[in-house]
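The first residue in the sequence is number 1, and the count goes up from there.
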Amino acid sequence: EVQLVESGGGLVQAGGSLRLSCEISGFAFGDNAIGWFRQAPGKEREGISCIDNRDNNTYYTDSILGRSTISSDSAKNTVYLEMSSLRPEDTAVYYCASRCGLYSGDTYFSVFAGLDYWGKGTLVTVSS
């Protein structure tokens, strides 16, 4: 059974930081790209970061570029998203998925290898 389980969300003050985790089981971790997405209240879901475990390339959308780091630990089958300088507008439910799709500037970047699995999300609330 394929599972992606997010953790690490919570309440954090503006300017703070956190690390989200996405633990993956049931498919070949190293042969896939893993994406982080978020959905803020009243807004559409957006892709924010991606790591392609085949070549370790990483991608970020502009709103988190420079204050976020995506990484993976193959021994733990886990992908992390570390975010700092958090802002109230970062408040959202954060999801990981076995696919990527995000805007970098005006360019849409997508990785989809036929696997479309999603976690249930973890809520991040940033207070001002």
Side-chain angles (χ1 to χ4, degrees):
E1 179 186 8
V2 175
Q3 282 193 314
L4 288 83
V5 180
E6 303 94 339
S7 61
L11 176 64
V12 61
Q13 287 191 326
S17 60
L18 52 70
R19 186 177 77 164
L20 304 179
S21 300
C22 173
E23 187 173 356
I24 299 151
S25 60
F27 70 91
F29 174 85
D31 294 339
N32 288 278
I34 301 296
W36 281 98
F37 298 76
R38 69 184 180 186
Q39 187 165 19
K43 295 189 176 181
E44 292 187 355
R45 185 175 62 198
E46 64 168 338
I48 59 172
S49 187
C50 175
I51 184 165
D52 192 333
N53 288 310
R54 296 166 296 183
D55 56 18
N56 287 324
N57 283 337
T58 59
Y59 307 89
Y60 304 90
T61 198
D62 292 354
S63 63
I64 70 167
L65 182 64
R67 60 188 183 96
S68 301
T69 302
I70 189 170
S71 61
S72 65
D73 185 334
S74 59
K76 297 182 178 180
N77 272 13
T78 300
V79 171
Y80 303 98
L81 181 66
E82 296 182 74
M83 299 181 65
S84 61
S85 302
L86 286 163
R87 309 162 181 166
E89 53 264 39
D90 293 317
T91 295
V93 178
Y94 286 71
Y95 302 90
C96 60
S98 59
R99 63 187 300 167
C100 297
L102 58 88
Y103 280 96
S104 177
D106 293 331
T107 302
Y108 186 71
F109 172 78
S110 175
V111 177
F112 181 59
L115 297 176
D116 194 14
Y117 299 109
W118 293 78
K120 293 182 179 180
T122 185
L123 176 63
V124 173
T125 303
V126 183
S127 63
S128 58

Can you give each donor-acceptor pair under 3.5 Å made by side-chain atoms of residues 111-118, sequence neighbours left out, with the distance rounded to 0.1 Å?
| from | atom 1 | to | atom 2 | distance (Å) |
| --- | --- | --- | --- | --- |
| D116 | OD1 | R99 | NH1 | 3.2 |
| D116 | OD1 | W118 | NE1 | 2.8 |
| D116 | OD2 | R99 | NH1 | 3.2 |

Which donor-acceptor pairs under 3.5 Å do the side chains of residues 62-69 make with protein atoms, sequence neighbours left out?
| from | atom 1 | to | atom 2 | distance (Å) |
| --- | --- | --- | --- | --- |
| D62 | OD1 | G105 | N | 3.2 |
| D62 | OD2 | G105 | N | 3.1 |
| S63 | OG | R38 | NH2 | 3.3 |
| R67 | NE | S63 | O | 3.2 |
| R67 | NH1 | S84 | O | 3.3 |
| R67 | NH1 | S85 | O | 3.2 |
| R67 | NH1 | D90 | OD2 | 2.9 |
| R67 | NH2 | S63 | O | 3.0 |
| R67 | NH2 | D90 | OD1 | 2.8 |
| R67 | NH2 | D90 | OD2 | 3.2 |
| S68 | OG | I64 | O | 3.2 |

Inset, instruction - Check the pair D73, Y80 against side chain to side chain contact (heavy atoms under 4.5 Å, CB included), reporting the backbone distance first and the verdict last. - result: CA-CA 8 Å; D73 185 334; Y80 303 98; 3.9 Å; yes
Inset, instruction - Kindly give the heavy-atom pair with the smallest separation between L102 and G47, and that separation in Å. - result: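 Shortest heavy-atom separation between L102 and G47 comes out as CB-O, 3.4 Å.
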Between [atom1] of [X] and [atom2] of [Y], what distance do you get to the nearest 0.5 Å?
X: N53; Y: S71; atom1: CG; atom2: OG; value: 10.0 Å
X: E6; Y: Y94; atom1: CD; atom2: OH; value: 12.5 Å
X: C100; Y: I48; atom1: SG; atom2: CD1; value: 11.0 Å

Inset, instruction - Kindly say whether Y103 contributes a backbone atom to a donor-acceptor pair with the side chain of T61 at under 3.5 angstrom? - result: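 Pair found, side chain donor or acceptor close to backbone of Y103.
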Without placing hydrogens or testing angles, list every side-chain donor-acceptor pair under 3.5 Å for residues 10-37, not counting sequence neighbours.
| from | atom 1 | to | atom 2 | distance (Å) |
| --- | --- | --- | --- | --- |
| N32 | ND2 | A28 | O | 2.6 |

Legend entry - With Y59 via ring pair (Phe, Tyr, Trp, His ring centres under 6.0 Å) - residues at least two apart: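 With neighbours one apart ignored, the set is F109.
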Legend entry - Steps toward side chain to side chain contact (heavy atoms under 4.5 Å, CB included) verdict (M83, L81): CA-CA 6 Å; M83 299 181 65; L81 181 66; 3.9 Å; yes
Legend entry - Residue that, paired with V79, satisfies side-chain contact (heavy atoms from CB on, under 4.5 Å) out of C96, S74, S72: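 Of the listed options, the one satisfying the test is S72.
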Scan the side chains in residues 119-126 for donor-acceptor partners under 3.5 Å anywhere in the protein, sequence neighbours excluded, and list what turns up.
| from | atom 1 | to | atom 2 | distance (Å) |
| --- | --- | --- | --- | --- |
| T122 | OG1 | G9 | N | 3.1 |

Legend entry - side chain to side chain contact (heavy atoms under 4.5 Å, CB included) involving D106 - partner list, sequence neighbours excluded: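 D106 satisfies side chain to side chain contact (heavy atoms under 4.5 Å, CB included) with no other residue.
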